[in-house]
Amino acid sequence: MALLHRATLRPTKLDLLTTWLPGRQWYEGPAGVDVVSAGAYRFDDPAGSVGIETMLVGAPGGAVHQVPLTYRGAPLDGADEWLVGTTEHSALGPRWVYDGCGDPVYAAALAHAILAGTGQAEQYFEVDGRREVREPTMTVVASGAGDTSVRPVGDIRRVVDGASAVIFTDSVELVVVRRPATDGAVGAAGATLSGNWDGQPTIVPLAYARTL
C-alpha cells in the first residue's frame with residue numbers, strides 16, 4: 001500500500017514536467033505549454049523511504065507520455081542525468097524528483113509488480129488514525145504468474161532511453177513504453193503491465209519484464 005500525504009508541492013509535479021519533458025528526445029509536443037495529467041499509478045517501496053509514482057502526461061490534446069517518478073529525501077548518488085528537479089513538500093520537506101528509469105528502487109518495484117502480478121499499489125491517506133483509500137485514476141493490470149519469490153533486482157547496469165526505455169539489471173530486463181497509446185506495440189518479450197485511463201478506451205501495454 002502507498003501512503004499519501006495531504007500536502008502541497010512547490011513547484012508542483014506538473015510544473016517540473018512542463019520544464020523537463022521538452023528536453024527529452026522521445027517527447028511529442030510543443031515546448032512552453034503546461035502539461036496536464038491523464039492519470040497516474042503507484043508502486044510501494046518496501047523500505048518506505050522512496051515514493052514511486054508513474055504519471056501519464058502531455059500537452060492538452062496531444063500525445064500522452066508515461067513518466068515514472070521517484071521522490072527522495074536526499075540526492076541519489078550517480079543519478080544526476082535522471083534528475084527531473086527538486087520541490088518543497090509541505091509535510092516532508094525538500095524532495096529530489098527523478099525519472100524512475102534511472103532509479104534502482106523503481107526498477108525493483110516495477111519488476112515485482114509485473115512478475116508477481118501485483119500491479120499498482122492501493123493508495124491511502126491516514127485520517128484520524130484511520131485509512132482512507134484513494135480511488136485510482138487509471139486501471140493497471142499485470143500478466144505475471146503471481147510468483148512472490150521474484151529474484152531481487154540490484155543495481156541498474158545501463159539504460160537505453162528512447163520511445164521505449166530499456167532498463168538492464170543483473171536479474172531482469174525491463175521496458176517502459178514512453179508513449180503508450182501510440183508506441184504500445186513495441187513487440188517486447190516477457191510479462192506485461194498494461195493499463196488504460198480516461199480518454200484511452202482500450203488497454204495498452206505500459207511496461208514489460210523479462211527475467212535473465
Side-chain angles (χ1 to χ4, degrees), residues 2 13 17 21 24-28 37-46 50-58 63-71 79 82 84 97-123 136-148 150-197 200 202-212:
K13 292 174 280 190
L17 290 173
L21 267 174
R24 306 310 105 190
Q25 54 97 355
W26 42 265
Y27 175 68
E28 278 190 3
S37 175
Y41 59 97
R42 285 183 177 260
F43 299 140
D44 181 45
D45 170 22
V50 179
I52 309 169
E53 179 180 27
T54 299
M55 298 187 67
L56 281 293
V57 299
V64 173
H65 304 78
Q66 180 175 212
V67 186
L69 299 172
T70 56
Y71 309 117
W82 302 102
V84 174
V97 183
Y98 290 92
D99 177 353
C101 292
D103 191 323
V105 171
Y106 168 75
L110 177 62
H112 186 271
I114 299 176
L115 296 172
T118 56
Q120 65 179 312
E122 185 176 66
Q123 303 175 45
T137 57
M138 59 184 292
T139 299
V140 175
V141 294
S143 70
D147 181 6
T148 56
V150 176
R151 285 177 57 195
V153 174
D155 292 337
I156 293 173
R157 292 193 284 116
R158 66 188 177 100
V159 179
V160 179
D161 201 8
S164 292
V166 185
I167 306 167
F168 297 92
T169 77
D170 290 334
S171 59
V172 66
E173 179 182 305
L174 301 161
V175 177
V176 177
V177 184
R178 291 296 199 176
R179 294 189 302 268
T182 56
D183 297 322
V186 295
T192 309
L193 184 76
S194 303
N196 70 317
W197 54 92
Q200 174 61 39
T202 59
I203 297 285
V204 296
L206 300 171
Y208 302 85
R210 182 174 66 89
T211 54
L212 303 176

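The basis for the numbers below is simple: all heavy atoms, side chains too, and nothing from hydrogens, waters or symmetry mates.
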- [ ] Measure from the side-chain N and O atoms of Thr137 to the backbone N and O of Ala40, and report whether any donor-acceptor pair falls under 3.5 Å.
- [x] yes

Task: Atom pair CD1/OH of Ile52 and Tyr71 - distance to nearest 0.5 Å - done: 10.5 Å

TODO: Heavy atoms only: give me the nearest Gly154-Pro104 pair and the separation to one decimal.
DONE: O-CB, 3.9 Å

Task: Listed partners of Ala108 passing side chain to side chain contact (heavy atoms under 4.5 Å, CB included), at least two apart - done: Val153

Open item on the list: Between Arg178 and Asp161, does any NZ, NE, NH1 or NH2 come within less than 4.0 Å of an OD or OE carboxylate oxygen?
Closed with: yes

Open item on the list: A side-chain contact here means heavy atoms from C-beta on lying under 4.5 Å apart; do Ile156 and Trp82 qualify?
Closed with: no

- [ ] Taking all heavy atoms of Ser37 and all of Val57, pick out the closest pair and write down the distance.
- [x] CA-CG1, 4.1 Å

Task: CH2-NE2 distance between Trp26 and His65, expressed to the nearest 0.5 angstrom - done: 6.5 Å

TODO: In sequence, state the C-alpha distance, the side-chain angles, and the governing distance for Tyr208 and Val166, and then conclude on side-chain contact (heavy atoms from CB on, under 4.5 Å).
DONE: CA-CA 9 Å; Tyr208 302 85; Val166 185; over 6 Å; no

TODO: Could you tell me whether a side-chain N or O of Ser143 sits under 3.5 Å from a main-chain N or O of Thr192, the two making a donor and an acceptor?
DONE: yes

Open item on the list: Distance check, rounded to the nearest 0.5 Å: Ile167 atom CD1 versus Leu110 atom CG?
Closed with: 6.5 Å

Task: Residues that Asp45 engages under salt bridge (Lys or Arg N to Asp or Glu O under 4.0 Å), provided they are two or more places apart - done: none

Open item on the list: Please find the pair of heavy atoms, one from Thr211 and one from Leu115, that lie closest to each other, and give the distance.
Closed with: CG2-CD1, 3.7 Å

- [ ] Of all the heavy-atom pairs spanning Gly117 and Ala142, show the shortest one and how long it is.
- [x] CA-CB, 3.8 Å

- [ ] Can you see which heavy atom on Leu56 is nearest to which on Pro180, and at what distance?
- [x] CD1-CG, 3.8 Å

TODO: State, yes or no, whether a side-chain contact exists between Phe43 and Thr118 at a heavy-atom distance under 4.5 Å.
DONE: no

Open item on the list: Taking Thr202's backbone N and O only, do any of them form a donor-acceptor pair with Gln200's side chain (distance below 3.5 Å, no angle check)?
Closed with: yes

Task: Close side-chain approach of Leu193 and Tyr41, heavy atoms under 4.5 Å - done: yes

TODO: Please round to the nearest 0.5 Å and tell me the distance separating atom CE of Met55 and atom NZ of Lys13.
DONE: 5.5 Å

Open item on the list: I want to check something: taking the side chain as every heavy atom from C-beta on, are Val177 and Leu206 in contact at a cut-off of under 4.5 Å?
Closed with: no

TODO: Apply the side-chain contact (heavy atoms from CB on, under 4.5 Å) test between Val67 and each candidate in Leu21, Thr54, Val176; give the one that qualifies.
DONE: Leu21

Open item on the list: Testing the basics here: between Ala165 and Cys101, what is the closest heavy-atom pair and its distance to 0.1 Å?
Closed with: CB-SG, 3.8 Å

Open item on the list: Would you say that Asp155 contacts Asp170 through its side chain, given a criterion of any heavy-atom pair below 4.5 Å between the two side chains?
Closed with: no

- [ ] To the nearest 0.5 Å, tell me how far Thr169 OG1 sits from Arg157 CZ.
- [x] 7.0 Å

